There are 2 protein chains.
Amino acid sequence: MDKPPRQTKHDLFLNYKIWLSGLTGNGRISDTTFSLLAKIKELGSIKLAAQACDISYRKAWGDIEEAEKMLEYQLIDKQRGGKDGGHSQLTPACNKLLEAYDALHQKFDDSVEAAFEDFRKAMLQKPASK
Amino acid sequence: MDKPPRQTKHDLFLNYKIWLSGLTGNGRISDTTFSLLAKIKELGSIKLAAQACDISYRKAWGDIEEAEKMLEYQLIDKQRGGKDGGHSQLTPACNKLLEAYDALHQKFDDSVEAAFEDFRKAMLQKPASK
DNA sequence: TTTCGAGGTGTAAAAGTATGCATATCGTTA
DNA sequence: TAACGATATGCATACTTTTACACCTCGAAA
């Protein structure tokens, strides 16, 4: 889930995690939730997406519920029943969100890369005097 | 500890957390650990710093141990005994690390600000066609 | 109208993380 | 040399988060 971290001279890596939260901070949409949504888009099923993301269906469902409650709009069109049991797909609003988040994440990666590069350079300098 | 998140149109906030890890990923230096180090520098005591950071001394000590084990160098000069019981101060290497980390964090904040601004704009556009 | 498999839900167990507390150690200073 | 208070450490408890599992719901297609 997390991006592979970046290395310094001393086998040091930088990691980060971002997430969205609501006004009260009680709900959250994590990186893993966005990965899940992307997989649902790809596979058309919450169950398959959860497996692909290596999380339990229970958690996947809970995360989606939490996200939808927080955003106050549907992220997923869920279809129950039928010979195949059912299937799911992202709503237009969810696609928009996912698209914006992907762009956000990409910008982040680039920024992190640059910032960590500076960090590495700084760590190669002599210690601060004070 | 975490920076106050930023808001979108729909009461949506962006949060993030960064941390350093070692090669194997078993150790970590979190944001809270750096805050702790900064407080130790300011207050000259692990105990006082832990109180100021609102974490238990037990956790503070464990975090420091973990960080030093990971980096394989001392972060803190610890003085035991004496009428005052003892005191602590950061090593030069720790000061360097802290300085570099602060700069890194600042760059992060700026990047987050910019990236989230773009995110907000994207969320105001019409939904993706597909 | 029966069947099938994914969606949907409660709850107990497990795993991971933090706290609280007890207790030992150290060494300077009075 | 006795006392003091922060460092140091183990361990039980508590809290949080995730998993495991059981079981129900739904509705198109056979």
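Every value quoted in this text rests on a predicted model; they were computed, and no experiment measured them. Throughout, protein chains are lettered first and strands after them, A, B, ... in sequence-line order, and every chain is numbered starting at 1.
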A/T33 backbone acceptor or donor facing A/D63 side chain under 3.5 Å: no
Expected output: side-chain B/T91 to main-chain B/Q74 donor-acceptor under 3.5 Å: yes
Sidechain-backbone polar pair: A/S88 side chain, A/I76 backbone, donor-acceptor under 3.5 Å: no
Atom of A/A67, atom of A/I29 and distance for their closest heavy-atom approach: CB-CG1, 3.8 Å
Protein-nucleotide distance (A/I55, atom CD1; D/dT17, atom C1'), rounded to Å: 13 Å
Of A/K47 and B/S56, the one whose closest DNA chain C nucleotide lies more 5': A/K47
Within residues 80-87 of chain A: residues closer than 4.0 Å to DNA chain D (heavy atoms): A/R80, A/G81, A/G82, A/K83
Between P of D/dT7 and CG of B/L43, the distance in whole Å: 11 Å
Minimum-distance nucleotide to A/K59 side chain [options: C/dG7, D/dT18, D/dA8]: D/dT18
Minimum-distance nucleotide to B/R58 side chain [options: C/dG8, D/dA8, D/dT9]: D/dT9
Below 4.0 Å: OP1/OP2 of C/dG7 and any side-chain N or O of A/S88: yes
Distance in angstrom units between A/L36 CG and C/dA6 P, rounded: 16 Å
Length of the CD-P vector between B/E66 and D/dT9, whole Å: 15 Å
Whole angstrom value for the distance that separates P of C/dT29 from CD of B/Q79: 11 Å
Nearest-Å distance for atom pair OH/P, residues B/Y57 and D/dA8: 5 Å
Protein-nucleotide distance (B/L90, atom CG; D/dT7, atom C1'), rounded to Å: 16 Å
Exam field: side chain B/K47 to backbone B/Y57, donor-acceptor pair closer than 3.5 Å: no
Trace of the ring-ring contact (aromatic ring centres under 6.0 Å, His included) decision for B/F108 with B/Y16: CA-CA 9 Å; B/F108 238 91; B/Y16 75 87; 5.2 Å; yes
Separation of D/dT16 P from A/R28 CZ (nearest whole Å): 14 Å
Criterion salt bridge (charged side-chain N to carboxylate O under 4.0 Å, His left out) on A/K17 and A/D31, from CA distance to verdict: CA-CA 7 Å; A/K17 183 166 290 202; A/D31 224 41; over 6 Å; no
